[in-house]
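One structure is given here, and the rest of the page talks about it.
In what follows, every chain begins at residue 1, and chains take the letters A, B, ... in the order their sequences are listed.
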There are 2 protein chains.
Amino acid sequence: MAVEKPECLPERLLAQEWRDILDVHARTMCELDRELHAFGLGASDFEVLDLLAQGRDGDDRGDGGKDPYGSFRVQELASGIHLSQSALSRVIGRLEKDGLVARGMCAQDRRGVRVEITDAGRVRHSEVLPIQRAVLARMLGSGRGRDAVRP
Amino acid sequence: MAVEKPECLPERLLAQEWRDILDVHARTMCELDRELHAFGLGASDFEVLDLLAQGRDGDDRGDGGKDPYGSFRVQELASGIHLSQSALSRVIGRLEKDGLVARGMCAQDRRGVRVEITDAGRVRHSEVLPIQRAVLARMLGSGRGRDAVRP
DNA sequence: ATGCATAGAATGCATTTGCATTTAATTCAC
DNA sequence: GTGAATTAAATGCAAATGCATTCTATGCAT
């Protein structure tokens, strides 16, 4: 039988690349989650809050100025976040329960829901944003390629 | 490959890098999970099965060995997989229930558990390995740096 | 207008996961 | 040897997530 030698086949490279991604993702996400939980937020919660706080990257409103710049359709949020529609709905529900966002009806299409960040939400966001950046700097900035596995 | 561009502000660069990682991870993991579910496996299940199938040093030594080359302590698996100890225990439980792995006592330390892959497990692994490789090739092989975000 | 198909969002349910705790076996101090 | 402390793995429990379904609102054809 043909013996497999430790050559660098593209499949092996892909597998290794995938392992690296899994590793960085798991460790960073774990850290992020733990640090954010001290502020009553999960990683997904922060992602949504971050999108709302940044307000369409701050330049494009697209609503004619009628709505606050922190207002999004749920669909818009869904396209920017890797979460199922149902999960996103529940995240918004949690954030709303905590008073960080508010749901409102969409005037143009009353099936839709407009989500906007509240003042409390902005405060919370500005609190946790440095935390997130610190975690990213710590986990992504330093060793990332192969040796990141070693604590 | 090299996507580093040391021109922007480091915080924004890190945030973008993290978004890229989140994106690739989410889409690849989602695909992987969906495809593997057709074979009754989740992504974590496959990871464990893959470790067991590849043997200790990542390469299948010899072909006919019935020796415990597919035998791992749970702890060893834990160090190679980003999963909590409890979750790993349950993954092993599922795999065992499906007859893909077998648990046995560890002679040296009877607190420990030895996990080894079964013949059925090897068959299943050889079935799904090409699937995984195909998904990885499809999701990682093509554009990955920045344009992978656009569908 | 009326009825039927479709879109946006919420909810029921099952699965997976992590944290905290428990159970069992080993090691250490005495 | 006996008992406390420690380690390996399993389990109770709660939270998060995805799929399928449901509910409401819209659009389109008649």
Kindly compute the distance separating [atom1] ([X]) from [atom2] ([Y]), expressed to the nearest 0.5 Å.
X       : Y        : atom1 : atom2 : answer
B:Met29 : B:Arg34  : CE    : CZ    : 13.5 Å
A:Leu32 : A:Arg138 : CG    : CZ    : 9.5 Å
A:Asp45 : A:Leu95  : CG    : CG    : 5.0 Å

Let me know, please, whether B:Asp45 or A:Val74 comes out on the 5' side of the other along DNA chain C by nearest nucleotide. A:Val74

Could you state the atom-to-atom distance from [atom1] of [X] to [atom2] of [N] in whole Å?
X        : N      : atom1 : atom2 : result
B:Arg103 : D:dA9  : CZ    : C1'   : 9 Å
A:Gln85  : D:dT22 : CD    : C1'   : 12 Å
B:Arg111 : D:dA5  : CZ    : C1'   : 12 Å
B:Arg34  : D:dT17 : CZ    : C1'   : 15 Å
A:Arg110 : D:dG27 : CZ    : P     : 11 Å

Under-4.0 Å salt bridge between B:Asp98 and B:Arg94: no

Could you check whether B:Asp23 pairs with B:Arg19 (Lys NZ or Arg NE/NH1/NH2 to Asp/Glu carboxylate O, under 4.0 Å)? no

Does A:Asp109 reach a base, just sugar-phosphate, or nothing at all? Heavy atoms under 4.0 Å. sugar-phosphate

With a non-hydrogen cut-off below 4.0 angstrom, is A:Gln75 in contact with a base, only sugar-phosphate, or nothing? sugar-phosphate

Stretch residues 87-97 of chain A: residues that reach within less than 4.0 Å of DNA chain C through a heavy atom: A:Ser89, A:Arg90

Along DNA chain C, first and last positions that approach a heavy atom of chain B under 4.0 Å: C:dT16 to C:dT26

State whether the side chain of A:Ser89 and the backbone N or O of A:Gln85 hold a donor-acceptor pair below 3.5 Å, judged by distance alone. no

Non-hydrogen side-chain atoms of A:Leu77 and A:Ile81 separated by less than 4.5 Å: no

Do A:Glu47 and A:Val91 have side-chain heavy atoms sitting under 4.5 Å apart? no

For A:Ala87, the side chain to side chain contact (heavy atoms under 4.5 Å, CB included) test, sequence neighbours excluded, returns A:Leu83, A:Ser84

